[in-house]
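Presented below is the structure to which this report refers.
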Protein chains: 2
Amino acid sequence: MDVRAAPPDHSECRAVADVLTRIGDKWTVMVVGALSKGRMRYSEIFRQVGGVSQRMLTLTLKGLERDGLVSRTVYPTIPPRVEYELTPRGRSLIEPLHALMTWAHANRAGIDACRQDFDRRA
Amino acid sequence: MDVRAAPPDHSECRAVADVLTRIGDKWTVMVVGALSKGRMRYSEIFRQVGGVSQRMLTLTLKGLERDGLVSRTVYPTIPPRVEYELTPRGRSLIEPLHALMTWAHANRAGIDACRQDFDRRA
DNA sequence: CAGGATCCAAGCCGATACTG
DNA sequence: CAGTATCGGCTTGGATCCTG
């Protein structure tokens with residue numbers, strides 16, 4: 001089976017790669033993971049995704065919203081309340097991402113061992 | 001279904017994220033995609049993966065080798081001949097990555113449309 | 001509370017030139 | 001052929017401070 005769903009057309013290839021760099025980055029995966037549990041407000045996501053800075057969380061959410069993967073709802077109260085939720089397209093991303101995270105979790109230890117081996121030999 | 005296969009343990013979370021940043025980057029995905037078609041030498045991969053620089057190809061391959069996802073075989077001929085091949089663990093990555101690429105390909109157009117919409121409104 | 005703005009260090013990455 | 005070495009631009013991302 002050919003993993004590269006795209007033909008040897010380079011423009012197609014770059015387009016897919018472009019999408020991948022967007023949805024494949026660390027924080028995006030974590031945020032989608034958090035939102036897969038349901039609608040959530042900014043501060044909740046912030047707590048769920050450990051280690052992210054406010055700046056990166058905002059940028060990641062904005063990127064996801066721009067791509068139509070996340071919807072943003074503002075309640076004009078004081079203090080403000082903003083909730084985020086996966087769109088249908090965003091939810092369609094859960095399954096492939098889940099497969100990746102499962103793989104990562106299952107292979108983490110083996111990879112670490114390989115790295116130490118490799119580094120010791122070098 | 002919870003995408004985050006890991007518990008709310010932050011060290012686990014970072015570890016999975018670490019693996020993800022490695023295997024999720026653009027060139028890694030492309031290289032694994034190319035190698036999914038079988039054993040291949042350096043220059044072949046270089047041609048298959050359009051747009052990659054020698055430097056990045058070398059770094060990507062070395063990273064994959066370090067993680068035990070790719071094996072490297074040198075034939076001490078002149079000129080030298082080096083072949084790369086996915087290890088069993090590397091092959092186990094094909095399926096999840098394939099799912100991601102299929103998703104990317106299927107949603108590329110919709111995402112582009114959303115972006116233009118978003119940018120026009122802003 | 002949910003960001004926007006700014007600053008700055010770290011590192012990624014492409015281009016280029018060189019080598020066994 | 002299959003890399004290595006070096007340089008420089010540019011992005012990335014964390015820290016910090018500020019606001020409606």
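Excluded from the calculations below are hydrogen atoms, water molecules and symmetry mates; all remaining heavy atoms, backbone and side chain alike, are included. In the text below, chain A, chain B and the rest are named by the order of the sequence lines, each starting its count at 1.
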Taking C-beta and beyond as the side chain, do [X] and [Y] meet within less than 4.5 Å on heavy atoms?
X       : Y        : value
A:Val82 : A:Arg41  : no
A:Lys26 : A:Val52  : no
A:Leu20 : B:Leu100 : yes
B:Arg66 : A:Asp119 : yes
A:Leu86 : A:Ile94  : yes
A:Thr87 : A:Val70  : no
A:Leu93 : A:Ile23  : yes
A:Thr21 : A:Asp25  : no

Among [options], the nucleotide that comes nearest once only the side chain of [X] is considered:
X       : options              : answer
A:Arg72 : C:dC13, C:dA2, D:dT4 : C:dA2
A:Thr58 : D:dA2, C:dG4, C:dA2  : C:dG4
A:Met56 : D:dG13, C:dG3, C:dA2 : D:dG13

Provide, to the nearest angstrom, the distance between the [atom1] atom belonging to [X] and the [atom2] atom belonging to [N].
X       : N      : atom1 : atom2 : answer
B:Lys62 : D:dG3  : NZ    : P     : 8 Å
A:Leu59 : C:dA5  : CG    : C1'   : 12 Å
B:Glu44 : D:dC1  : CD    : C1'   : 12 Å
B:Met30 : C:dC13 : CE    : P     : 14 Å
A:Phe46 : D:dG14 : CZ    : P     : 11 Å
A:Arg47 : C:dA2  : CZ    : P     : 9 Å
A:Leu57 : C:dC1  : CG    : P     : 14 Å
B:Ile78 : D:dG3  : CD1   : C1'   : 15 Å

Global bending angle along the helix from C:dC1-D:dG20 to C:dG20-D:dC1, which compares the axes of five pairs at either end, to 10 degrees: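 Computed from the C1' atoms at both ends, the axes differ by 50°.
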Does [N] have OP1 or OP2 sitting under 4.0 Å from an N or O in the side chain of [X]?
X       : N     : result
A:Arg41 : C:dC1 : no
B:Tyr84 : D:dG3 : yes
B:Ser43 : D:dA2 : yes

Using side-chain contact (heavy atoms from CB on, under 4.5 Å) as the criterion, point out the one residue from B:Glu83, B:Met40, B:Met30 that pairs with B:Ile45.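 Only one of B:Glu83, B:Met40, B:Met30 forms a side-chain contact (heavy atoms from CB on, under 4.5 Å) with B:Ile45, namely B:Met40.
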Write out a two-atom table: protein N or O, nucleotide N or O from nucleotides 15-20 of chain D, distance below 3.5 Å.
none

B:Lys26 near the nucleic acid: base, sugar-phosphate alone, or nothing, with a heavy-atom cut-off under 4.0 Å?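 No contact.
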A:Tyr75 near the nucleic acid: base, sugar-phosphate alone, or nothing, with a heavy-atom cut-off under 4.0 Å?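 Here A:Tyr75 touches no strand at all.
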Do A:Thr58 and A:Tyr42 meet the criterion of a side-chain donor-acceptor pair at a distance under 3.5 Å?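 Yes.
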